[in-house]
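A short write-up of the structure that comes next.
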Amino acid sequence: MQRAEAARSALLTSHPDAHVDLLHLDVGSAQSVLAAAQEVKARYNRIDFLYLNAGIMPNPQLNVKAFFKGLFSRNVINMFATAEGLLTQQDLLNSDGLQEVFATNLFGHFLLIRELEPLLCEADHASRIVWTSSSNARRSAFSMEDIQHRNGTEPYSSSKYASDMLSLALNRDKNSQGLFSSVICPGLVMTNLTYGILPSFFWTIIMPIMWLIRIFTNTFTLTPYNGAEALHWLFLQKPESLDPRAKYHSLTSGLGTNYTQPHPMDIDEGMSEDLYSELLDLEKVVRKTLSERNADKEANGQRE
Ligand SMILES: NC(=O)C1=CN([C@@H]2O[C@H](COP(=O)(O)OP(=O)(O)OC[C@H]3O[C@@H](n4cnc5c(N)ncnc54)[C@H](OP(=O)(O)O)[C@@H]3O)[C@@H](O)[C@H]2O)C=CC1
Ligand SMILES: CC(C)=CCC[C@@H](C)[C@H]1CC[C@H]2C3=C(CC[C@]12C)[C@@]1(C)CCC(=O)C[C@@H]1CC3
């Protein structure tokens with residue numbers, strides 16, 4: 001919680017009248033999500049905005065050969081914008097027996113939304129969910145037969161594509177109850193995530209090249225401030241005016257101007273509804289396993 005305390009102090013310095021509460025939440029653990037949701041429900045009776053930003057890309061491997069091949073192809077701009085064909089990851093199982101990337105980037109958020117539905121679905125009041133997705137989300141990385149991406153090498157791309165579909169399904173099912181969901185892409189931003197792909201000193205050295213590339217692809221936002229453009233822009237919009245099938249991209253022009261642009265997502269209603277019901281089924285399994293585990297713990301505790 002130390003970094004959270006520091007962020008809170010920084011926020012209160014720039015906005016002294018603000019009220020900033022902290023809460024511990026590991027979206028990669030079902031137990032932690034349920035406990036945090038309980039705490040939220042005890043503290044508040046309404047949620048206006050829920051930003052689902054947490055995400056991981058563990059053990060990323062950059063395909064250097066594909067990078068140089070792409071550099072001299074007609075697909076070069078798309079390669080820099082989406083990293084298509086450039087990245088794979090090695091995923092592990094988490095303590096709930098789920099694939100870690102799926103659990104952190106998608107399922108934990110899904111469970112949180114489910115738990116917070118009473119605060120999010122109030123017909124007389126609009127609540128907003130905003131997912132941080134990615135330009136790396138790709139239909140071909142996702143399979144309905146393997147929603148956790150147990151058998152592939154692109155769990156990150158798969159999980160982000162799944163979040164795009166889940167957002168569409170949530171809009172379809174919950175708009176009538178006052179809940180609106182949107183998806184953003186922050187562009188390529190220098191953060192701990194990108195420092196896991198290449199070391200930070202390397203990114204610093206190639207920064208002039210990245211400013212140059214930005215002239216051709218405005219997706220190189222590079223700083224967290226620029227990357228947050230679409231998050232802020234969405235905050236200012238009326239939910240009814242937003243397109244549930246669009247991903248809102250933070251973009252930065254060659255001259256450094258930030259703006260937000262919607263791009264249609266490559267998703268369809270049927271598949272997104274199927275994913276939604278798969279997630280509901282998985283939720284039942286995870287809840288059952290958790291309550292059995294907790295009952296075992298209690299029984300063992302009483303015996304000792
Ligand atoms: N950087 C980029 O170029 C891009 C990033 N994104 C997305 O942006 C989002 C933010 O990533 P970014 O800032 O780049 O990466 P960082 O690794 O710098 O930050 C990741 C954030 O997610 C949080 N997080 C990770 N795992 C968990 C967990 N189990 N429970 C709770 N919080 C968790 C981290 O919290 P803590 O610090 O407490 O660990 C941290 O705030 C992610 O969803 C990522 O996929 C999308 C497109 C491009
Ligand atoms: C000269 C130069 C800029 C080299 C860097 C090559 C690659 C390491 C990057 C090119 C496109 C980047 C990219 C991402 C990571 C780094 C690159 C592959 C992301 C996958 C990071 C996380 C995302 O969600 C989307 C990004 C798309 C672009």
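In each ligand, atom 1 is the first atom listed, and ligand 1 is the first ligand listed.
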Under 4.0 Å from a heavy atom of [X]: give me the atoms of ligand 1 that qualify, with their elements.
X: Thr132; result: 7 (C), 8 (O), 9 (C), 43 (O)
X: Gly187; result: 2 (C), 3 (O), 4 (C), 47 (C), 48 (C)
X: Gly55; result: 20 (C), 22 (O), 25 (C), 42 (C), 43 (O)

Without swapping roles, check the side chain of [X] against the backbone of [Y] for a donor-acceptor pair under 3.5 Å.
X: Ser9; Y: Glu5; result: yes
X: Lys174; Y: Ala169; result: no
X: Trp131; Y: Ser167; result: no

| query | Is there a heavy atom of Gly196 sitting under 4.0 angstrom from any atom of ligand 1? | reply | no

| Are there protein heavy-atom neighbours of atom 17 (O) of ligand 1 below 4.0 Å? | yes

| said: Using 30° and 60° as the class boundaries, would you call the ring planes of Phe49 and Tyr51 parallel, tilted or perpendicular? | reply: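 Because their plane-to-plane angle is under 30°, the rings of Phe49 and Tyr51 count as parallel.
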
| field | Ser29: side-chain hydrogen bond (donor to acceptor under 3.5 Å, both in side chains) partners, not counting sequence neighbours | value | none

| query | So which of Ser133, Ser135, Ser159, Ala36 gets nearest to atom 46 (C) of ligand 1, if we judge by its closest heavy atom? | reply | Ser133

| task | Please work out which of Leu25, Leu188, Thr219, Asn53 has its closest non-hydrogen atom nearest to atom 43 (O) of ligand 1. | result | Asn53

Between ligand 2 and the protein, find all N/O pairs closer than 3.5 Å and give the distance for each.
| residue | atom | partner | partner atom | Å |
| --- | --- | --- | --- | --- |
| ligand 2 | 24 (O) | Ser134 | OG | 2.6 |
| ligand 2 | 24 (O) | Tyr156 | OH | 2.6 |

| said: Counting non-hydrogen protein atoms only, what is the nearest one to atom 26 (N) of ligand 1? Give residue, atom name and distance. | reply: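 Nearest neighbour among protein heavy atoms for atom 26 (N) of ligand 1, to 0.1 Å: Ile56 CG2, 3.5 Å.
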
| remark: If you scan protein heavy atoms around atom 14 (O) of ligand 1, the nearest is Thr191 OG1, 2.6 Å

| message | Hydrophobic cluster membership, with links at side-chain heavy-atom distances under 4.5 Å among I/L/V/M/F/W/Y: are Tyr276 and Leu50 in one? | response | yes

| task | Drop me the distance from Leu111's CG to Leu34's CG, to the nearest 0.5 angstrom. | result | 5.0 Å

| query | Is there a side-chain contact between Tyr156 and Asp91, using heavy atoms and a 4.5 Å cut-off? | reply | no

| query | Can you name the one residue among Thr221, Asn258, Asn218, Thr219 that meets side-chain hydrogen bond (donor to acceptor under 3.5 Å, both in side chains) with Thr252? | reply |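 Testing Thr252 for a side-chain hydrogen bond (donor to acceptor under 3.5 Å, both in side chains) against Thr221, Asn258, Asn218, Thr219 leaves exactly one candidate, Asn258.
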
| field | Contact summary for Pro186 and Ser250, nearest pair of heavy atoms | value |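 Nearest heavy atoms, Pro186 then Ser250: O-CB, 3.7 Å.
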
